[in-house]
Structures are given as C-alpha cells and as structure tokens.
A.B. asks: 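Take this structure, written in structure tokens, and hold onto it; I'll ask about it next.
Computation of the quantities below employed the complete heavy-atom set of this structure, encompassing side-chain atoms and omitting hydrogens, waters and symmetry-equivalent molecules. Whatever order the structure lists ligands and atoms in, that order sets their numbers, starting from 1.
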Amino acid sequence: MGDESQSERSIANSNGVESEADPVKDKCWQQREAEPGEPRCVICGRYGEYICDETDDDVCSIECKQTLLNRLPKPKPVIPTVKLPAQDECIYVRDGHDSHSHRLTDTQIESLRRKIDIEVRGASVPPPIVAFASCELAQKLQQNLELAGYDIPTPVQMQAIPAALSGRDLLVSAATGTGKTASFWCL
Ligand SMILES: Nc1ncnc2c1ncn2[C@@H]1O[C@H](COP(=O)(O)OP(=O)(O)OP(=O)(O)O)[C@@H](O)[C@H]1O
C-alpha cells in the first residue's frame with residue numbers, strides 16, 4: 001500500500017474530486033505505471049494511488065473503482081413471504097367439459113359465495129358455477145365463449161347463470177360492467 005496514509009490516498013466518490021490541486025484521475029489511462037514497491041490497482045495494475053472506500057482495495061482511478069464496484073456480488077433482493085391462513089382453500093378447475101369435476105361441496109359453495117360477495121335469497125338456490133363447462137353448453141356456444149375470451153364466469157355469472165338455467169325467475173343486482181348483460185347468452 002506504499003508509505004502514504006489511508007486518508008491521503010482514499011478516493012473521492014464518483015461525483016466529487018478530492019482536491020483541486022491534485023485531481024482524482026477519472027480514467028485508467030490517465031494513471032501512470034506503478035514503480036516497484038508501490039501499490040497497484042487491483043483492476044488494471046497501474047499505480048494504485050487511491051483506496052476504494054467501499055472495499056479498501058487499491059485503485060488507480062474512478063473508472064477502475066467503478067469496475068471494481070460493478071464486480072462486487074449484488075445483494076439478493078429480500079422477497080417478503082406471505083403466510084396465508086391455514087384454513088384458506090383453493091378451488092381447482094380442470095380443463096375440459098367434465099361437469100362433474102367442477103361440482104362443489106356445501107362448504108365450498110358457502111365459502112365461495114362469501115369470498116366473492118354473492119348474496120342469495122330464495123329457496124333451493126342452485127350452487128354457483130366456477131367454469132362455463134359446468135353448464136353443459138352446446139359445443140358451438142362453448143366455442144364462441146372461448147373465442148370471445150370468456151375464460152371464467154364473473155361472480156354475478158357464477159350464480160345467475162345456473163339459477164337461470166334451472167328455470168328460476170331472477171332479480172339480479174351487481175355493479176355496472178360486471179357481466180350481467182353477458183349472462184343472457186345462456187337463455
Ligand atoms: N365472463 C366474462 N369473461 C370476460 N369478459 C366478460 C365476461 N362477462 C362479461 N364480459 C365483458 O365485460 C364487459 C361488461 O359486461 P356486461 O355488459 O355484460 O356487464 P353489465 O354488468 O351488464 O354492465 P352494465 O351494468 O354497464 O350494463 C363486456 O365487454 C363483456 O363482453
């Protein structure tokens with residue numbers, strides 16, 4: 001590291017210059033070769049005039065300091081983990097037209113309605129559907145739904161469509177744009 005003290009040799013940061021009389025070398029090529037016994041830049045081997053404040057290594061210029069810092073391992077981003085409540089459950093919907101695979105248990109029906117804010121009144125309300133395939137639609141209709149990009153029913157459709165298909169009279173209320181009108185294809 002030579003005879004100079006660390007404070008005399010410490011390098012200015014990329015925005016600053018340590019002293020006007022002896023400006024910090026910006027570029028590696030502005031630095032001279034190291035004499036025998038002098039500190040050497042850990043990047044290019046020229047005269048290691050400065051000490052990188054972040055790593056304590058000898059460097060010749062701001063350029064080599066930056067190269068050195070770029071080579072340092074980057075700290076891994078900390079991804080916060082979210083712990084879901086143990087009682088939270090998923091409802092799996094399989095591809096295909098097997099309506100039985102989408103049949104929900106009473107607990108799932110209750111939980112689904114609660115989660116997506118479906119409120120029902122009346123006797124023997126049919127369970128909500130989680131896939132259009134549960135409605136046993138004509139193939140053409142199913143294809144057209146897919147073509148229109150209707151992958152899954154919206155919450156109002158989940159409940160209104162099976163109720164309408166079961167021949168019930170309905171009074172439906174849901175926010176604008178939630179798919180009420182689009183439910184009429186099933187009639
Ligand atoms: N299941 C679905 N998947 C994808 N898009 C849908 C689905 N249902 C409806 N949409 C689209 O969402 C938009 C709003 O649907 P729709 O007009 O049926 O809602 P709405 O509740 O009747 O609205 P408003 O209350 O304003 O009349 C339309 O562009 C419709 O094509």
A.B. asks: I'd like a table of donor-acceptor pairs (distance under 3.5 Å, sequence neighbours excluded) in which one partner is a side-chain atom from residues 118-129, with atom names and distances.
C.D. replies:
{"residue": "Glu119", "atom": "OE2", "partner": "Arg121", "partner atom": "NH2", "Å": "3.3"}

A.B. asks: According to the side chain to side chain donor-acceptor pair (under 3.5 Å) rule, which pairs have a member within residues 177-187, sequence neighbours left out?
C.D. replies: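 Those involving residues 177-187 do not exist here.
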A.B. asks: Here's a test for you: under side chain to side chain donor-acceptor pair (under 3.5 Å), which of Asp58, Asp53, Asp57 qualifies with Thr55?
C.D. replies: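 With Thr55 as partner, side chain to side chain donor-acceptor pair (under 3.5 Å) holds for just one option, Asp57.
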A.B. asks: Would you mind listing every side chain to side chain donor-acceptor pair (under 3.5 Å) that reaches into residues 147-165, with sequence neighbours excluded?
C.D. replies: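 Matches after skipping sequence neighbours: Arg113-Gln159, Thr154-Gln157.
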A.B. asks: Heavy atoms under 4.0 Å from ligand 1: which residues qualify?
C.D. replies: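 Protein residues near ligand 1 are Phe132, Gly149, Tyr150, Ile152, Pro153, Thr154, Gln157, Ala175, Thr176, Gly177, Thr178, Gly179, Lys180, Thr181, Ala182.
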A.B. asks: Salt-bridged, Glu54 to Lys65, with N to O below 4.0 Å?
C.D. replies: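 Between Lys65 and Glu54 there is a salt bridge, with a charged N closer than 4.0 Å to a carboxylate O.
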A.B. asks: Salt bridge check, Glu49 against Arg40: does any charged N sit closer than 4.0 Å to a carboxylate O?
C.D. replies: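 Salt bridge flag = no for Glu49 with Arg40.
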